[in-house]
Amino acid sequence: MSELDAVRRAAELALAYASGADDRRVAPEPAAVDALSALGGELPDDGADVTATLELLAEVGGAATIVNTGPDFYGFVTGATLPAALGAAMITAAWDQNAALPVMSPVAAALHDVTRAWLVDLLGLSAETEIAYVTGATVANATCLAAARDALLAGVGWVAPTQGLFGAPAIQVVTGQQAHSTVRKSLGFVGLGSERIVRVPSDDQGRMRADLLPDLGPADGPILVCAQAGEVNTGAFDPFDDIAEWTEARGGWLHVDGAFGLWALADPTRAHLTAGLRRADSFATDGHKWLNVTYDCGIALVRRPGALRRTFASVAGYLPPETGFEAMHHTPQSSQRARQIEVWAVLRTLGRSGIAALVQQGCDGAVAIAERLAVTDGFEILNEVVLNQVLVRFRDGDTTGRLIAAVQDDGRIWCGPTTWRGETAMRISVSSWKTTIGDATRAADVIVELAASLD
Ligand SMILES: *Cc1c(COP(=O)(O)O)cnc(C)c1O
């Protein structure tokens with residue numbers, strides 16, 4: 001028996017899970033969640049058989065998963081896993097590469113460069129844009145904001161990485177009212193403060209009202225603006241041309257949170273949403289949402305060469321090497337997973353047209369759901385369905401909350417709640433590569449059926 005027999009068995013079990021995902025309940029039965037106690041208990045004194053342990057994990061753990069790899073998960077904005085990504089993830093796990101430095105993984109270094117060039121091309125960004133892989137869009141936001149902070153302070157003669165922020169000139173941070181919670185969190189932990197920001201009011205779709213940008217001038221200090229491509233409830237895009245105009249006139253830095261929405265740049269049919277978006281200085285996005293790779297994969301994209309390095313080089317006076325991108329000197333991390341390998345596999349297998357089709361499929365699914373619900377008594381679609389998000393209320397906030405609970409209980413599909421204008425609403429996000437128009441229509445039918453059964 002080879003020491004890898006247990007791994008072969010694990011691979012079989014993993015594939016059995018993946019191929020059965022479409023037929024499972026989306027949310028596990030409560031009994032399956034209770035059964036997780038079989039994985040706990042006291043720390044064993046002695047080891048256990050590897051095959052038996054992995055079988056236990058697959059059986060007990062697998063039954064208590066939320067099945068977001070199938071077509072029926074509409075919660076948050078999570079995305080599933082494309083087969084190319086899953087396969088690449090399995091190969092990558094076997095390789096156990098550390099992507100910190102080219103010398104630690106030539107393949108990771110090469111695929112960093114390939115995916116950088118491909119993403120810049122696909123999204124139509126300036127050729128000099130640098131990218132860095134991090135754990136998700138939260139950290140991608142923070143990575144960009146830290147680079148922005150340091151670049152803006154360098155512009156007024158302050159070297160933040162060495163001098164810190166105590167006594168530094170104040171940066172004026174401007175966000176929309178509906179900036180994602182993780183942007184505020186990131187502003188907090190990069191030292192810019194989650195509350196000492198100017199919040200620009202939003203319109204009824206959550207778009208920043210560029211006409212209400214504050215009256216700030218050169219005397220107010222460096223300016224950092226955070227805009228948004230894809231409001232997490234409505235999918236709305238900020239008016240980037242106006243915001244960029246305002247920011248550029250003040251020598252500021254414009255950052256865009258595009259955790260899922262940035263991918264609209266890859267779909268020519270969404271060009272009306274993305275006008276001016278490419279003028280931003282930095283962007284945060286996720287691979288693990290709409291690109292449908294596994295967790296954890298966020299991407300920071302920065303249009304100012306050297307800015308990431310000036311913030312994250314862990315060697316004073318560090319200059320980039322002649323050969324290769326050193327990830328540990330461009331990100332908050334040192335050792336890191338080679339996230340670019342799955343991104344490469346997806347870009348290579350889908351190509352430009354496939355990524356555009358993936359985005360369109362999500363948008364078409366959202367329209368199908370909205371159209372079906374809109375003609376049913378009691379349902380109100382609260383957003384303009386411009387992307388993959390549908391925001392809906394059934395009668396009132398309380399009834400909507402009960403409907404969401406019924407949907408989650410039923411198990412055929414899954415969607416979650418949000419608060420919109422002070423009341424509960426149901427948020428439906430179509431971001432799995434598996435969700436066809438037929439699936440989306442069926443999901444709307446399930447929602448209508450369960451709504452009819454509420455008293
Ligand atoms: C999901 C999301 C984030 C946070 O991304 P993580 O990958 O969960 O860290 C930030 N902004 C928006 C708009 C999002 O949808």
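For ligands, and for the atoms within them, numbers begin at 1 and follow the listed sequence.
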Check: of Q178, K185, K289, H180, min heavy-atom distance to atom 2 (C) of ligand 1 comes from K289
Note to self: Run the side-chain contact (heavy atoms from CB on, under 4.5 Å) test on N292 and T81 for me, step by step, so that the C-alpha distance in whole Å, both residues' side-chain angles and the decisive distance to 0.1 Å come before the verdict.
What the structure shows: CA-CA 5 Å; N292 281 254; T81 306; 5.9 Å; no
The atoms of ligand 1 lying under 4.0 Å from a heavy atom of V232, numbered in the order shown, are 15 (O)
So for H288 against ligand 1, with non-hydrogen atoms under 4.0 Å, the contacting part is side chain
Within the 4.0 Å heavy-atom cut-off, what D286 brings close to ligand 1 is side chain
Q177 side chain to M208 backbone, donor-acceptor under 3.5 Å: no
Numbered in order shown, the ligand 1 atoms found under 4.0 Å of a heavy atom of T138 are 4 (C), 5 (O), 6 (P), 9 (O)
Taking only non-hydrogen atoms of F260 and a 4.0 Å limit, the atoms of ligand 1 in range are 15 (O)
Q. So, is N141 polar-close to ligand 1, with some N/O to N/O distance under 3.5 Å?
A. no
Under 4.0 Å from one or more heavy atoms of T182, ligand 1 contributes atoms 3 (C), 4 (C), 10 (C), 11 (N)
Taking every heavy atom of L262 against every heavy atom of L123, the minimum-distance pair comes out as O-CD2, 3.8 Å
Of all protein heavy atoms, the one nearest atom 13 (C) of ligand 1 is D257 OD2, 3.5 Å
When every non-hydrogen atom of S431 is compared with those of N388, the smallest separation belongs to CB-ND2, 3.9 Å
query: So, are R279 and E248 salt-bridged, with charged N and O less than 4.0 Å apart?
result: yes
- Query: Are any of the side-chain nitrogens in R442 or D72 under 4.0 Å away from the carboxylate oxygens of its partner?
  - Reply: yes
Pairing of D150 and R310 as salt bridge, 4.0 angstrom limit: no
**Asked** Looking at ligand 1, does any of its N/O atoms fall within less than 3.5 Å of an N/O of A137?
**Response** yes
Q) Do H330 and F312 have ring centres separated by under 6.0 Å? A) no
Atom 12 (C) of ligand 1: of A179, A142, A259, the nearest heavy atom sits on A259
